[in-house]
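Data first, discussion second: the structure below is written as structure tokens.
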Number of protein chains: 2
Amino acid sequence: MATSTPAILPRVSCDQCPLRQCRSFRDFSSEELGFVHDFKTGEVSAAQGMSIMVEGERNPQLYTVLSGWGFRYKILEDGRRQILNYVLPGDLIGLQGHLMEEMQHSIEALTRMTLCIFERDKLPKLFRHHPSLAYDITWLAAREESMLDEHLLSIGRRSARERAAYLFAFLDARVKSVAAPPADRPFILPLTQQHVADTLGFSLVHTNKTLRRLVQQGLIRWLDRGCEVLDTERLYHVAEWRPPKEGKRPFI
Amino acid sequence: MATSTPAILPRVSCDQCPLRQCRSFRDFSSEELGFVHDFKTGEVSAAQGMSIMVEGERNPQLYTVLSGWGFRYKILEDGRRQILNYVLPGDLIGLQGHLMEEMQHSIEALTRMTLCIFERDKLPKLFRHHPSLAYDITWLAAREESMLDEHLLSIGRRSARERAAYLFAFLDARVKSVAAPPADRPFILPLTQQHVADTLGFSLVHTNKTLRRLVQQGLIRWLDRGCEVLDTERLYHVAEWRPPKEGKRPFI
DNA sequence: CGTAGGCTTGAGAGCTTTCAATTCATGTGG
DNA sequence: CCACATGAATTGAAAGCTCTCAAGCCTACG
């Protein structure tokens with residue numbers, strides 16, 4: 001967990017936003033775009049391993065992820081850590097710290113990330129004057145909730161192999177919905193086995209043995225600090241899961 | 001899982017709503033109250049064991065719980081069931097089915113429940129004309145998310161004993177925030193050991209052995225189809241958890 | 001009085017953790 | 001360039017936790 005200061009980047013106009021080109025996001029009216037642009041105060045870049053928010057913090061920044069991966073987690077006093085979910089481009093983070101008294105979880109950068117910073121005090125104004133955007137925020141919250149529901153089902157009731165298969169199927173589906181594959185090279189999920197262990201609720205050793213089995217069966221390949229998904233369909237089958245069919249989704 | 005038809009009850013005016021007297025809920029302006037009353041189309045009562053929504057359903061009703069307990073759950077094809085969270089008075093349910101294509105989980109009544117039915121088509125109108133209520137809905141979604149985060153931490157990283165202690169501490173805190181204790185008698189959490197097992201991710205047998213231990217240590221008492229919390233502080237300590245300090249919360 | 005649902009218990013099999021080492025690639029300072 | 005420290009992945013073995021199987025008990029209810 002590095003703690004260097006984040007690099008502040010110049011503000012880029014929202015209609016230039018490369019992420020907005022992505023076909024999974026819904027189109028915004030120029031009026032909406034105008035407000036969002038106004039809502040935005042700048043961009044930051046966070047290095048791998050940097051902590052972006054920490055549990056207990058009051059009134060943190062409100063961000064949208066522009067690029068890179070992060071993860072949300074909680075820890076118990078003795079250090080046991082549970083990863084709650086992953087954060088990818090298009091995700092809105094820090095909302096909880098505004099609605100509740102303080103942040104109830106922490107977020108750390110899994111790769112280098114760039115984040116779009118919003119002016120927190122304008123959130124009430126957004127609700128007052130932009131019902132369509134307010135609706136979008138609620139939509140995003142409902143989507144997060146539904147991902148957490150699936151994680152709970154997985155941790156609570158799936159076997160080790162099924163659980164791991166679910167995780168990779170889930171992450172694979174998520175990256176694919178926000179990024180074009182890097183030219184003729186496969187997607188790599190930028191995880192360490194410790195992250196996988198802390199997501200699935202297993203020890204590192206057992207995680208290793210479980211992954212090894214998936215590798216031998218040709219479902220995934222394990223690289224240094226990363227996982228390549230080889231057979232999506234078979235993962236879906238093992239996990240007994242399919243990616244939800246989402247129409248266009250909002251992106252603030 | 002009974003399947004008798006729900007009993008439709010007459011509509012009661014919202015400013016008479018007994019739940020609204022409860023001091024954990026924020027006050028509404030008469031204007032807000034007026035809209036909510038208009039939003040409401042009636043009440044239903046559901047018997048114990050009745051299923052209120054089922055996974056896959058499209059466009060379900062939107063309800064607020066007025067009284068009783070329910071639970072949200074998901075099941076795998078072979079019948080393994082995971083309880084995701086409990087539903088208590090003041091909770092809004094069915095929102096997901098409107099924002100997403102279809103319901104991603106089911107809800108069943110744990111005791112007899114009465115529900116307040118909203119007119120689903122007015123949700124957009126709510127966002128357009130009542131930003132404060134839209135904000136409340138988002139608030140409720142964020143709160144649900146934060147409960148799920150805690151459940152994930154619990155299932156993923158706590159030991160059997162800690163996990164059970166967390167569950168009872170959590171439920172105890174939740175009932176106490178929405179109901180006055182039944183005159184000079186203790187609160188009873190209306191669960192069966194099978195529900196506990198499906199919440200904690202354990203088998204029934206192991207759940208029984210874990211509960212037995214908590215009983216012997218004087219933390220809880222187990223009744224037929226119910227749990228009485230005896231020592232809240234000690235439960236908090238075992239679970240290494242405290243109820244979140246919430247100010248007034250919205251209630252739609 | 002018989003049945004059903006919920007709670008208990010013991011025992012063996014199976015899954016997961018912990019402990020202890022080892023390998024390998026990368027990066028740093030001498 | 002080499003020696004050394006570090007982070008990540010791997011492996012075997014024993015201890016500990018959890019599951020399944022198999023009964024039995026008890027109460028409520030028709």
Side-chain angles (χ1 to χ4, degrees), chain A residues 1-2 47-50 71 76 78-83 108-111 154-165 167-168 188-216 220-228, chain B residues 1-2 47-50 71 76 78-83 108-111 154-165 167-168 188-216 220-228:
Chain A
M1 199 186 338
Q48 178 184 109
M50 252 192 63
F71 61 94
L76 293 171
D78 63 3
R80 282 175 286 177
R81 177 176 77 169
Q82 177 65 39
I83 293 184
E108 184 177 321
L110 199 50
T111 64
S154 203
I155 297 206
R157 290 307 188 195
R158 280 196 250 251
S159 72
R161 178 158 174 270
E162 294 167 341
R163 235 185 267 195
L167 176 62
F168 299 126
I188 303 295
L189 312 177
L191 305 169
T192 203
Q193 293 191 0
Q194 185 64 64
H195 291 120
V196 176
D198 289 346
T199 308
L200 303 182
F202 285 128
S203 71
L204 182 57
V205 173
H206 190 59
T207 298
N208 179 279
K209 287 171 184 168
T210 304
L211 294 187
R212 210 102 293 291
R213 217 149 30 108
L214 291 185
V215 168
Q216 268 156 27
I220 61 170
R221 176 176 303 156
W222 195 268
L223 317 167
D224 196 53
R225 217 170 193 296
C227 173
E228 178 188 345
Chain B
M1 199 187 335
Q48 179 184 108
M50 253 192 64
F71 61 93
L76 293 171
D78 63 3
R80 284 175 285 177
R81 176 176 79 169
Q82 178 64 39
I83 293 184
E108 184 178 320
L110 198 49
T111 63
S154 202
I155 297 206
R157 288 307 188 195
R158 279 196 250 253
S159 71
R161 177 157 174 271
E162 295 167 340
R163 233 185 267 194
L167 176 62
F168 298 126
I188 303 295
L189 313 178
L191 305 169
T192 198
Q193 294 190 0
Q194 185 64 64
H195 292 120
V196 176
D198 289 347
T199 308
L200 303 182
F202 286 128
S203 70
L204 182 58
V205 173
H206 191 59
T207 299
N208 179 279
K209 287 171 184 167
T210 304
L211 294 187
R212 212 100 288 292
R213 214 148 35 107
L214 291 185
V215 168
Q216 267 154 30
I220 61 170
R221 176 177 302 157
W222 194 268
L223 316 167
D224 195 51
R225 219 170 194 295
C227 171
E228 178 188 344

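Just so it is clear, the model here is predicted, and its values are computed rather than measured. Side chains included, hydrogens not; waters and symmetry mates left out as well; all remaining heavy atoms used. Numbers restart at 1 for each chain; the letters A, B, ... are given by sequence-line order, proteins then strands.
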Exercise. Distance from A:Cys227 atom SG to A:Leu191 atom CG, nearest 0.5 Å?
Worked result: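 Reported value, rounded in 0.5 Å steps: 7.0 Å.
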
For this session: Establish, with yes or no, whether the OP1 or OP2 oxygen of C:dC7 is under 4.0 angstrom from a side-chain nitrogen or oxygen of B:Thr192.
Result: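 For B:Thr192, the contact criterion (side-chain N or O under 4.0 Å from OP1 or OP2 of C:dC7) is met.
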
Just list the side-chain donor-acceptor pairs under 3.5 Å for residues 205-215 of chain B, sequence neighbours left out, or say none.
from	atom 1	to	atom 2	distance (Å)
B:Thr207	OG1	B:Ser203	O	2.7
B:Asn208	ND2	B:Gln193	OE1	2.9
B:Thr210	OG1	B:His206	O	2.8

For this session: Please answer whether the main-chain N or O of B:Thr199 pairs with a side-chain N or O of B:Gln82 as donor and acceptor at a distance below 3.5 Å.
Result: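 Indeed, once roles are kept as given, a pair shorter than 3.5 Å links the two residues.
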
Exercise. Hey, does the side chain of A:Arg163 reach the backbone of A:Leu200 with a donor-acceptor pair shorter than 3.5 angstrom?
Worked result: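 Yes; at least one donor-acceptor contact below 3.5 Å.
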
Problem set entry | Test salt bridge (charged side-chain N to carboxylate O under 4.0 Å, His left out) applied to B:Arg221 - qualifying residues, sequence neighbours left out |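 For B:Arg221 the salt bridge (charged side-chain N to carboxylate O under 4.0 Å, His left out) partners, ignoring immediate neighbours, are B:Glu228.
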
Problem set entry | Residues which pass salt bridge (charged side-chain N to carboxylate O under 4.0 Å, His left out) with A:Asp78, listed by chain and number, not counting sequence neighbours |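 Only A:Arg80 meet the salt bridge (charged side-chain N to carboxylate O under 4.0 Å, His left out) criterion with A:Asp78.
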
Problem set entry | CA sep, side-chain torsions, deciding dist, call: A:Phe202, A:Ile155, side chain to side chain contact (heavy atoms under 4.5 Å, CB included) | CA-CA 10 Å; A:Phe202 285 128; A:Ile155 297 206; over 6 Å; no

Exercise. What residues form a ring pair (Phe, Tyr, Trp, His ring centres under 6.0 Å) with B:Phe71, not counting sequence neighbours?
Worked result: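 By the ring pair (Phe, Tyr, Trp, His ring centres under 6.0 Å) rule, B:Phe71 matches B:Tyr73, B:His195.
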
For this session: Check every nucleotide of DNA chain D for an atom under 4.0 Å from a heavy-atom of chain B, then give the first and the last such nucleotide from 5' to 3'.
Result: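 In short, chain B contacts DNA chain D from D:dT18 to D:dC21.
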
For this session: Spell out protein contact along nucleotides 8-27 of chain C as letters: B when the base is contacted, S when just the sugar-phosphate is, - when no protein heavy atom is under 4.0 Å; keep the 5' to 3' order.
Result: BBBB----SBBB--------

